[in-house]
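Order of the sequence lines sets the chain letters (A, B, ...), proteins ahead of strands, with each chain counted from 1.
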Amino acid sequence: MNNEVRQILVTSALPYANGSIHIGHLVEYVQTDIWARFQKMRGHQCLYVCADDAHGTPIMLRARQEGITPEELIARISTEHQQDFANFSIDFDNYHSTHSDENRQLASTIYQRNLERGNISLRTITQAFDPVEQMFLPDRFIKGECPKCGTGDQYGDNCEACGASYSPSELKNPVSAISGAKPTERESEHHFFKLANFEPMLRQWIRAGHLQSEVANKLEEWFEAGLQEWDISRDAPYFGFEIPGHPDKYFYVWLDAPIGYMASFKNLCDRSGLDFDQFWGRQSKAELYHFIGKDIIYFHALFWPAMLSGADFRTPTAIFSHGFLTVNGQKMSKSRGTFIKASTYLKHLNPEYLRYYFAAKLGSGIEDIDLNLEDFAQRVNSDLVGKVVNIASRCSGFIRKRFDGQLSAELAEPALFQEFINAGQSIAEHYEKREFSRTVREIMALADRANQYIDEKKPWVIAKEESKEAELQAICSMGINLFRLLIGYLRPILPATAAKSETFLQIPPLTWAELPTPLLSHAIAKFKPLMTRVEATQIEAMLNDSKEDLAARNAKQTKPHETRTEGHLAKEPIADTIEFSDFAKVDLRIARIAKASHVEGADKLLQLTLELGAGDRRTVFAGIKSAYTPEELEGKLTVMVANLAPRKMRFGLSEGMVLAAGPGGKELFILSPDEGAEPGMKVK
RNA sequence: GGCUACGUAGCUCAGUCGGUUAGAGCACAGCAUUCAUAAUGCUGGGGUCGGUGGUUCAAGUCCACCCGUAGCUACCA
């Protein structure tokens, strides 16, 4: 074993301060936390830092909508995030914010140094501008009709209906998503990071073992396309840091977000006396690892090393990317109740279950992992409750009742104990390589071995024989010692269960180095259940609760809640007054959704067969796949525009439209009539 | 459309450099057992390895094409 103490700095991606932590986020924090805890348990100096990512247009707008300052918003969200993390035993050594003095200074330093070395250029670009809000509009905040297929309400970058990509200026009838005004074009001077200056360095870097091979493959694309300049500035109004010497110009949030890793660490240094340069200086010998989702590889594997190198800081030792989380094989969905917030999960289930399940599925690759809820319950119950915890439970009774809690003075089966110790090496290697699923598999094989041992020795038979007291004590002590090793190996994954087990065993926190020393002639405490089974009803309740979360929020939106309503009205102002005759032209009818199905090849569409009674059936393509599944729509009554001119769409002819409210994505709500309405009835 | 991955038992996944009869856990069935939170042990059934074609003495593994899934496709956090 390598006894050298390593200096390791680990980060997880910074959660955006615009929403709650959900179980998808947790994959990454759990993965990082397990790895960091493992390193600490091995005796290394491992520091795990993170922060809230607090800047950008969405945060500015949300704060405005809520009628508070961005600072108030991010403070509130930060508290909430940290509470969720603490509940899941995510053990940060420091949690900070990108909206901090440390980050302002570091961002400025990094910018300044790159500027001095000719890595920043200034160029005037033309951008969409909202004349009402007096602000430039990011693509995401411009909506309009797709220039190719004519579908309305599309974002400025690509069409959700036909998949075409285009620039915002090509949209037909564009409107600002903030004010509803028609955007104008305006020129502005922007700051660009000249990524191409780093091409030789990056080409070498991405093939030097800092990245997973599939990630490096993917990045080749960018070199083939040619490295473009990266726009790192935004115009006021913007919530972020003003660029030194350039009033009303701000650093783009993605510039200062990764710098937040450094800032959080700097903040830790200032409080604890650690040496910042020892970790971030060009000559640093410390290891630096970023755990990230595969969606933000570009920022971390190209821009970030380039920025650092251009500012005379060290580059990361490695970037560890992971895949996304699906639930029951599908993307998390609010309507299915599988968009589960961390706080909702906690109301129903033990966080250790999820940590274990994620660990059991995580490898070092970037494939997505699936939370199959049935599998989740079976796996936790069988592995943790049935196998591991059960070993302590089935041995402790004898030790407690017959020997007053005292373990025997010698190991009954030193060879078996040694077998468990030997397995530790490969378990450690798998931890180190982030092959947690292999780690778990090996540990569970040992747990099976321990149960087999007890079964073989049959302590319950021996207990009935006289003069076999010593043998009984030895067998059960052996079982307890095997349990101790299993818990030791599982400790990075199950910190809370390990802590409870340490209380039961009456020992200090386990370290890897102590594992080979068995507990002999030692008193243990009374056994209390360390973990209980997952019940199907708990999972059911959690899913319902997630759905209710959504329902509650919807109710809040429809209620005349000042800020929320103002938000919607501000985004989409009430249209010009019309005459009744204009309204009468629209023939609205109650329709029954007779059939709903997915459309092959369509990302956003569902194909609906609407029944108006008397054999009148219409095929309608509706862009509501993001919010509804076909199953939940079938049989429902809704309201449709029955006399809309049929429109030829990519997948067929659409003969009308269903009415729905909401901004899109998960937040789409189709209208349904009150009880008693029948298909075909006219809405007037 | 292009690109990066993925597709193996009902479920979740292993399967290394191509090499005997494709493995594990869960679930299921039978038996044993009662120390343990209905936990444990033993035995068993279950697979056209997404499809088609190719390379090879030999293909789950390599190549091509197709189908399906996920993601990325740069001013979106």
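Base-pair partner of B:G71: B:C3 (Watson-Crick or G-U wobble, both distances under 3.5 Å).
A:Q452 comes within 4.0 angstrom of the backbone, heavy atoms only, and of no base.
Straight-line distance from the CZ atom of A:F299 to the C1' atom of B:C72: 12 Å, rounded to whole Å. Rounded to a whole Å, the CD1 atom of A:I243 is 18 Å from the P atom of B:C75. The distance from atom CE of A:M135 to atom C1' of B:C75 is 14 Å, rounded to the nearest whole Å. A straight line from CD1 of A:I296 to P of B:U73 spans 12 Å, rounded to a whole angstrom. For A:E214 and B:A70, the CD to C1' distance is 14 Å, given to the nearest whole Å. Separating the CG atom of A:L302 from the C1' atom of B:C72 is a distance of 13 Å, rounded to the nearest angstrom. As rounded to whole Å, 18 Å separates atom C1' of B:C13 from atom CZ of A:F376. A straight line from NE2 of A:H191 to C1' of B:C75 spans 14 Å, rounded to a whole angstrom.
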| said: Checking A:R203 against A:E199 for the salt bridge (charged side-chain N to carboxylate O under 4.0 Å, His left out) test, could you report, in this order, the C-alpha distance in whole Å, the side-chain angles of both residues, the deciding distance, and whether it holds? | reply: CA-CA 6 Å; A:R203 269 187 189 278; A:E199 180 167 345; 2.9 Å; yes

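Applying side-chain contact (heavy atoms from CB on, under 4.5 Å) to A:D256 and the options A:F251, A:Y250, A:Y111 leaves one that passes, A:F251.
Judged by distance alone, the side chains of A:T497 and A:E352 do bring a donor and an acceptor atom under 3.5 Å apart.
Contact between the side-chain N/O atoms of A:K294 and the OP1/OP2 oxygens of B:U4 is not found at any separation under 4.0 Å.
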| request: For each nucleotide in nucleotides 28-37 of chain B, reading 5' to 3', give B when a protein heavy atom comes within less than 4.0 Å of its base, S when such contact involves only the sugar-phosphate, and - otherwise. | output: -----SSBBB

